[in-house]
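Structure record follows, encoded as structure tokens.
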Amino acid sequence: RAQAAFVPQELTTVRVQDPRVQNEGSWNSYVDYKIFLHTNSKAFTAKTSCVRRRYREFVWLRKQLQKNAGLVPVPELPGKSTFFVGSTDEFIEKRRQGLQQFLEKVVQNVVLLSDSRLHLFLQSQLSVPEIEACVQGRGAQTVTDAILHYAMSNCGWAQEEETRP
């Protein structure tokens, strides 16, 4: 046990923040959330990343993780709640917290962490069909390339977004 002290603690911070309504006022408006990830874990290709995802992409991710995790329980997502009492802002904030808790639990689970769909979800801006294609080897890039490509294109973005008042 004593020798473990020299191993730097693997830390992964994942934040779901900055909910934004897209297509506001139209029938197909939705909210997306910024997922900011900062890690020193060898499991991740990029050490910092920042993507925007909407609720239904989280639903897809959970379903995929469930499919691949076998008996490992996948954390729950916040409910779909159509009958929400209270303000929209309150609902969005509750959902944001729920999505963050979901991801915090997922990234701590070594089985779920081995799913490349999770990595593409967190560290690339590929759409769900593109993630599927990439994971199945039908995409233009490998999983690692897709993540690295995104990381290069957005180096400054993750940091600069954080410091804005």
Side-chain angles (χ1 to χ4, degrees), residues 10-24 28-69 74-80 89 91-165:
E10 284 207 348
L11 279 176
T12 300
T13 309
V14 64
R15 297 259 169 275
V16 176
Q17 40 192 195
D18 185 28
R20 280 191 204 154
V21 178
Q22 308 292 345
N23 311 331
E24 195 159 6
N28 59 349
S29 72
Y30 63 90
V31 176
D32 67 11
Y33 301 85
K34 186 172 87 174
I35 305 169
F36 178 74
L37 182 111
H38 188 79
T39 184
N40 64 358
S41 163
K42 286 181 282 304
F44 288 96
T45 306
K47 298 304 164 220
T48 324
S49 60
C50 201
V51 297
R52 294 196 76 85
R53 296 285 181 198
R54 55 192 291 188
Y55 182 76
R56 83 168 176 217
E57 293 173 294
F58 278 89
V59 172
W60 168 84
L61 176 69
R62 186 174 184 279
K63 213 177 270 156
Q64 297 307 315
L65 291 172
Q66 192 71 74
K67 223 187 277 181
N68 299 334
V74 177
E76 289 298 327
L77 280 170
K80 191 98 177 117
D89 293 348
F91 171 72
I92 290 172
E93 175 52 25
K94 273 214 170 64
R95 176 171 273 187
R96 186 201 63 73
Q97 290 169 0
L99 294 173
Q100 179 165 318
Q101 285 159 0
F102 166 77
L103 286 178
E104 283 171 345
K105 289 179 190 143
V106 166
V107 298
Q108 285 163 14
N109 185 311
V110 73
V111 175
L112 303 180
L113 212 46
S114 68
D115 194 317
S116 42
R117 286 179 183 85
L118 173 67
H119 292 263
L120 289 167
F121 178 88
L122 290 172
Q123 299 205 302
S124 81
Q125 205 49 86
L126 296 178
S127 66
V128 163
E130 289 168 334
I131 291 177
E132 279 299 348
C134 189
V135 168
Q136 291 161 14
R138 293 183 288 110
Q141 299 167 302
T142 65
V143 171
T144 306
D145 286 345
I147 291 170
L148 288 174
H149 175 79
Y150 185 71
M152 307 294 216
S153 68
N154 266 310
C155 297
W157 191 64
Q159 283 74 17
E160 96 32 72
E161 188 85 16
E162 287 304 288
T163 52
R164 234 186 269 158

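Keep in mind that this is a model prediction, so the values were computed, not measured. Only this structure's heavy atoms are used, side chains among them; waters, hydrogens and symmetry mates stay out.
For the residue pair Gln108 / Glu104, no side-chain donor-acceptor distance below 3.5 Å is found, with atom types taken as modelled. Donor-acceptor pairing under 3.5 Å is recorded for the side chains of Gln97 and Glu93.
Here the side chains of Asp18 and Phe36 are not in contact, with every heavy-atom distance at 4.5 Å or above. In this structure, Pro75 and Asn109 have side chains that are not in contact, with every pair of non-hydrogen atoms separated by 4.5 Å or more. When side chains are defined from C-beta on, Arg54 does not count as touching Gln22, because their heavy atoms never get closer than 4.5 Å. Side-chain contact between Arg117 and Asn68: present, with at least one pair of heavy atoms (C-beta onward) separated by less than 4.5 Å. A heavy-atom distance below 4.5 Å is found between the side chains of Phe91 and Arg95. Contact of the Leu122 side chain with the Leu103 side chain is registered, since non-hydrogen atoms from C-beta on lie closer than 4.5 Å. The shortest side-chain heavy-atom distance between Phe102 and Val16 does not fall under the 4.5 Å cut-off.
Glu57 meets the salt bridge (Lys or Arg N to Asp or Glu O under 4.0 Å) test with Arg53; sequence neighbours excluded. Residues that satisfy the ring pair (Phe, Tyr, Trp, His ring centres under 6.0 Å) test with Tyr55, not counting sequence neighbours, are absent from this structure.
Between the SG atom of Cys134 and the CD1 atom of Ile147 there is a distance of 8.0 Å, given to the nearest 0.5 Å. Separation of atoms CZ (Arg96) and NZ (Lys34) is listed at 11.5 Å; rounding is to 0.5 Å. Here Ser124 contributes atom OG and Ile131 contributes atom CD1; the two are 5.0 Å apart, rounded to the nearest 0.5 Å. In this structure, Leu112 CG and Gln64 CD are separated by 12.5 Å, a value rounded to the nearest 0.5 Å. Interatomic distance, Met152 CE to Asp145 CG, rounded to the nearest 0.5 Å: 9.5 Å.
Atom CD of Glu24 has 12 or fewer neighbouring heavy atoms from other residues, nucleotides or ligands inside a 6.0 Å radius. Around atom NZ of Lys63, no more than 12 heavy atoms belonging to other residues, nucleotides or ligands sit under 6.0 Å away.
Of the residues Thr39, Ile35, Val106, the one that meets the side-chain contact (heavy atoms from CB on, under 4.5 Å) test with Val14 is Ile35.
Gln125 places a side-chain N or O within donor-acceptor distance of the main-chain N or O of Arg52, the cut-off being under 3.5 Å.
The nearest pair of heavy atoms linking Asn40 to Leu11 is OD1-N, 2.7 Å. When all heavy atoms of Gly98 and Pro78 are compared, the pair lying nearest together is C-CD, 3.7 Å. Residues Leu77 and Leu99 come closest through the heavy atom pair CD2-CD2, 3.7 Å. The two atoms that bring Val107 and Leu113 nearest to each other are O-CD2, 3.5 Å, heavy atoms only. Of all the heavy atoms in Ser29 and Asn23, the pair that sits closest is CB-O, 3.1 Å. Nearest heavy atoms, Val51 versus Phe121: CG2-O, 3.6 Å.
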Kindly indicate, with the supporting measurements, whether the criterion salt bridge (charged side-chain N to carboxylate O under 4.0 Å, His left out) is fulfilled by Glu132 and Arg138.
-> CA-CA 8 Å; Glu132 279 299 348; Arg138 293 183 288 110; 5.8 Å; no

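A salt bridge does not link Glu76 to Lys105: none of the charged side-chain nitrogens sits closer than 4.0 Å to a carboxylate oxygen.
Below 30°, between 30° and 60°, or above 60°: for Phe58 and Tyr33 the angle between ring planes is above 60°, a perpendicular geometry.
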